[in-house]
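Every chain is numbered from 1, with letters handed out A, B, ... down the list of sequences.
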Amino acid sequence: MVLELQQRLGARICAVLKEKYDLAIENISLETPPDLRFGEIATPIAFELARKLRKAPKIIAQEIVTALGAIDGFAGFEVAGAGYINARLDRAAAVQMAVSDEALPSSKELLNAIVEHTSINPNKAAHIGHLRNAILGDTFVRLLRAAGCKVDVQNYIDNTGVQVADVVVGFLHLEGKSLTDIQEIIRNCEMHRALGSARQQSSFDYYCWDLYARTSQWYTSGTTEENEARKRLRYDTLHAIERGGNETSEIAELISTAVLKRHLETMQRLGIEYDFLPRESEILHLKFWEAAFEQLKQSGVLYFENEGKNQGCWVMSRATERVQDQAGPEDDAKVIVRSNSTVTYVGKDIAYHLWKFGLLGRDFGYKPFFAYPNHECWISAEHGETQHPHFGAARAIYNVIDSRQSDPQANVIQALRGMGHAAEADHYTHFSYEMVALTPRCAIELGYDVSEEDLSRAYIEVSGRKGFGVKADDLIDRLIAATRAEVDARQTGVPSGRFVLAGVGTARSEAERHRIATQIAIGALRYFMLKYTRNSVIAFDFKDALSFEGETGPYIQYAVVRIRNIFRKGGTTPEAVLAEFASQSAAAGKSAGQQKVTSNTPQNSDEGTKCQDTASVVPQEAQKNTEALAPAASLTAWLSSEENEDIWSLWLRAGRFSLVLDQCIAASEPAYLAKHAFQLAQEFNNFYHKHHILTEEDVNRKTFLLATAAVALRELVKALSLLGIESPEAM
RNA sequence: GCGCCCGUAGCUCAGCUGGAUAGAGCGACUGACUACGAAUCAGUAGGCCGGGAGUUCGAAUCUCUCCGGGCGCACCA
């Protein structure tokens with residue numbers, strides 16, 4: 001609603017500037033004034049034009065205002081301050097717009113996009129850092145889809161790296177396990193899992209977490225000779241895995257696949273699903289790099305270095321500035337192919353991204369891998385199924401990768417551009433975010449040894465290698481336990497201050513309690529990860545993450561539950577109320593437009609009768625009284641009176657959704673939506689305390705208040721669902 | 001040494017492309033539950049927006065510089 005009106009106003013101002021001053025200004029900056037006293041939309045355009053036109057801003061503003069005339073949806077314009085133009089909305093009209101829930105303007109060309117996120121090395125359990133990645137990525141996917149974009153979700157699996165080799169070394173050489181032993185361990189974990197045993201017994205990824213940390217330590221814990229032998233073992237294992245077709249690579253595949261399944265299960269708890277899992281092993285075996293190498297050589301992006309420190313390597317110039325007159329080797333260049341003719345990580349990444357944009361001329365094989373209730377997730381394979389969906393060849397890609405990787409990401413973009421794929425380079429977004437670290441207090445709480453130096457820091461980086469961090473499933477389990485305690489407390493009538501009314505705590509089944517607790521826990525977790533903007537480091541602390549008050553997911557969910565309770569108690573539904581309110585205000589709007597008051601009383605229409613019988617003892621009088629005023633007039637009065645400013649403010653906030661969505665996508669920043677949802681819930685709670693809806697005697701006003709609640713509900717549920725947070729029926 | 005990010009209330013953070021009186025949450029203190037459930041609401045206190053200079057009618061926001069903190073910059077993967 002607000003977005004639409006802003007666009008309308010912007011276009012009109014644009015036209016005025018054109019005809020009046022012959023100025024072609026594309027983007028009229030429009031903003032939200034700090035206070036409703038200044039109207040709903042404002043523009044400082046007159047300030048910008050002051051110098052160009054050599055006139056005082058105030059005079060320009062006045063000229064524009066007079067030239068604007070009347071615009072549909074606006075009540076008027078005025079000049080304020082030193083030259084602001086403030087626009088006041090036609091509040092009754094705006095409310096009607098908000099009720100109709102306008103379709104989203106699909107302003108964006110319908111881009112076919114790939115969002116890649118999660119991408120956890122399949123050698124250990126997921127930790128809180130991975131949660132931030134996956135939640136950010138998943139939420140962004142939801143935002144893009146809401147805006148009408150077709151999105152494939154990919155989760156890149158580096159199953160041939162040293163990290164996997166380390167766990168293989170651990171199993172084979174530290175634990176002396178064989179292939180069949182490992183199969184047995186995995187089977188055992190799955191059995192324990194089915195029985196609902198504790199995480200330590202039932203999670204293969206937890207087993208690997210510890211083993212990986214032990215192996216990492218083992219490499220440096222022996223004598224110098226021993227350590228060297230161990231390192232050799234490590235690289236022999238790595239190379240065997242990369243080659244494939246041997247028992248070591250078979251073990252690696254077994255481990256990484258089992259851990260990957262655990263990751264998908266963990267993420268599924270948060271409502272996160274994937275479409276395709278491309279694996280590094282296929283990028284290797286299907287010779288993606290060889291195809292890319294040819295293209296890179298032909299385009300001249302890579303060149304062979306004959307001297308200097310990178311002698312014998314294929315390298316890529318790093319920076320954009322090419323100092324031509326500077327002779328000699330470019331030691332600063334990025335090595336893509338080593339002197340032993342193996343390819344670096346960035347090289348493989350370039351090949352992979354050429355595939356993403358459909359520029360490689362090769363494709364993966366595809367096999368189904370993981371079944372979600374509503375769709376299948378596919379995985380790359382050397383020899384896939386003949387029938388499979390098509391991935392890749394996207395117009396835009398978003399890589400959710402932490403900010404430490406911005407250098408290699410920039411390298412890939414630079415290579416694309418150098419190869420002449422400028423459009424692709426422009427649509428390549430490194431969706432970067434800062435890490436999740438632990439506060440020293442949290443680290444101590446978890447029982448880790450914290451050094452003196454770390455104690456003095458604000459936060460300590462998590463490390464999978466050291467086994468230092470909070471595992472994702474542990475956190476989710478703790479959250480569910482905490483929310484479950486709250487749900488039970490509200491259930492058994494142990495009140496947090498208030499008497500629990502009979503009937504309020506109607507006995508809920510075990511399954512129901514569990515479901516509610518889970519919804520709240522996930523809501524708390526997702527909101528916690530989304531409320532910070534991307535480039536702020538989250539210093540993780542259980543106290544903050546386990547909080548359900550204030551700016552949290554449960555706060556917003558609670559507002560939803562409150563609204564639902566109102567409708568439940570009132571014996572009506574949001575849909576019915578909105579339908580009634582819409583027909584009422586539409587009819588009234590028409591009559592008001594004709595300057596005539598009709599005797600039409602929409603309250604008596606069949607739609608609205610349900611909520612009538614409980615309240616309104618004096619329907620006849622009430623109708624008589626409001627007849628003189630007519631719903632439109634009273635609506636306008638309610639929306640503009642001082643003591644109802646909170647109601648109008650709530651409607652206005654509710655109408656900002658598409659504007660916020662636009663901003664989120666433009667800035668790749670889901671936190672804006674999180675903020676919006678919280679503010680909306682906050683305004684609703686304020687409204688809730690101030691106006692008691694069900695005891696309102698004026699039936700027209702009661703309908704109006706119910707409609708306000710209904711729109712708030714609709715917008716809250718919509719915003720929450722885009723944040724991946726469910727709206728519980730009860731709490 | 002080079003590059004990127006951060007520095008805003010006691011703490012954790014918002015502040016969109018420069019704009020009107022710098023906002024939330026937590027914590028502290030005061031109040032409000034026999035109402036549609038208080039996982040809530042109202043109120044009070046708390047700020048040279050790291051320092052300095054510049055651009056501008058106008059700077060938390062842009063530029064430069066200094067200070068403080070974090071992360072990158074390998075033929076590792």
Minimum-distance nucleotide (side-chain atoms of Tyr345(A) versus C41(B), A77(B), C57(B)): A77(B)
base_contact_polar (C4(B) base, Ser406(A) side chain, donor-acceptor, <3.5 Å): no
Expected output: side-chain Thr483(A) to main-chain Ala517(A) donor-acceptor under 3.5 Å: yes
Distance under 6.0 Å and angle within 45° of ring axis: Arg234(A) vs Tyr219(A): yes
Distance-minimising heavy-atom pair for His691(A) and Asn644(A): CE1-OD1, 3.5 Å
Length of the line joining Met435(A):CE and G70(B):P, which is rounded to integer Å: 10 Å
Phosphate-side-chain proximity, Tyr459(A) and G69(B), N/O vs OP1/OP2 below 4.0 Å: no
Side-chain ion pair, Arg404(A) and Asp402(A), N-O less than 4.0 Å: yes
Structure string for RNA chain B in dot-bracket form, Watson-Crick and G-U at under 3.5 Å, | interchain: (((((((..((((.....[...)))).(((((.......))))).....(((((..]....))))))))))))....
N or O in side chain of Arg338(A) less than 4.0 angstrom from C76(B) OP1/OP2: yes
N/O (side chain, Gln682(A)) to phosphate O (OP1/OP2, G25(B)) under 4.0 Å: yes
side-chain hydrogen bond (donor to acceptor under 3.5 Å, both in side chains) partner of Thr32(A), the single match among Arg656(A), Glu40(A), Gln6(A): Arg656(A)
Interatomic spacing from CD in Glu486(A) to CZ in Arg513(A) - rounded to 0.5 Å: 13.5 Å
Side chains of Asn565(A) and Arg562(A), donor plus acceptor under 3.5 Å: no
C1'-based separation of U44(B) from G58(B) [nearest Å]: 33 Å
Lys/Arg N to Asp/Glu carboxylate O, Glu78(A) vs Arg88(A), below 4.0 Å: yes
Atom pair distance, as rounded to whole Å: OH in Tyr235(A) and C1' in A77(B): 8 Å
Under-4.0 Å side-chain N/O to phosphate OP1/OP2 contact, Asn686(A) with C41(B): no
Pair Phe687(A) + Phe684(A): ring centers closer than 6.0 Å: yes
Whole angstrom value for the distance that separates P of A35(B) from CD of Glu696(A): 19 Å
For atom NE2 of His689(A) and atom P of A39(B), their distance in whole Å: 10 Å
Arg568(A) side chain near G37(B) phosphate (N/O to OP1/OP2, under 4.0 Å): no
P spacing across the pair C64(B) / C4(B), given as an integer number of angstrom: 10 Å
N/O (side chain, Arg562(A)) to phosphate O (OP1/OP2, U40(B)) under 4.0 Å: no
Cationic N near anionic O, under 4.0 Å, Asp488(A) to Arg484(A): yes
Side-chain donor/acceptor contact of Asp166(A) with base of A77(B) under 3.5 Å: no
Nucleotide-resolved protein contact map, nucleotides 6-17 of chain B, B/S/- at heavy-atom distance under 4.0 Å: S-----SSSSBB
Whole angstrom value for the distance that separates C1' of C26(B) from CG of Asp541(A): 12 Å
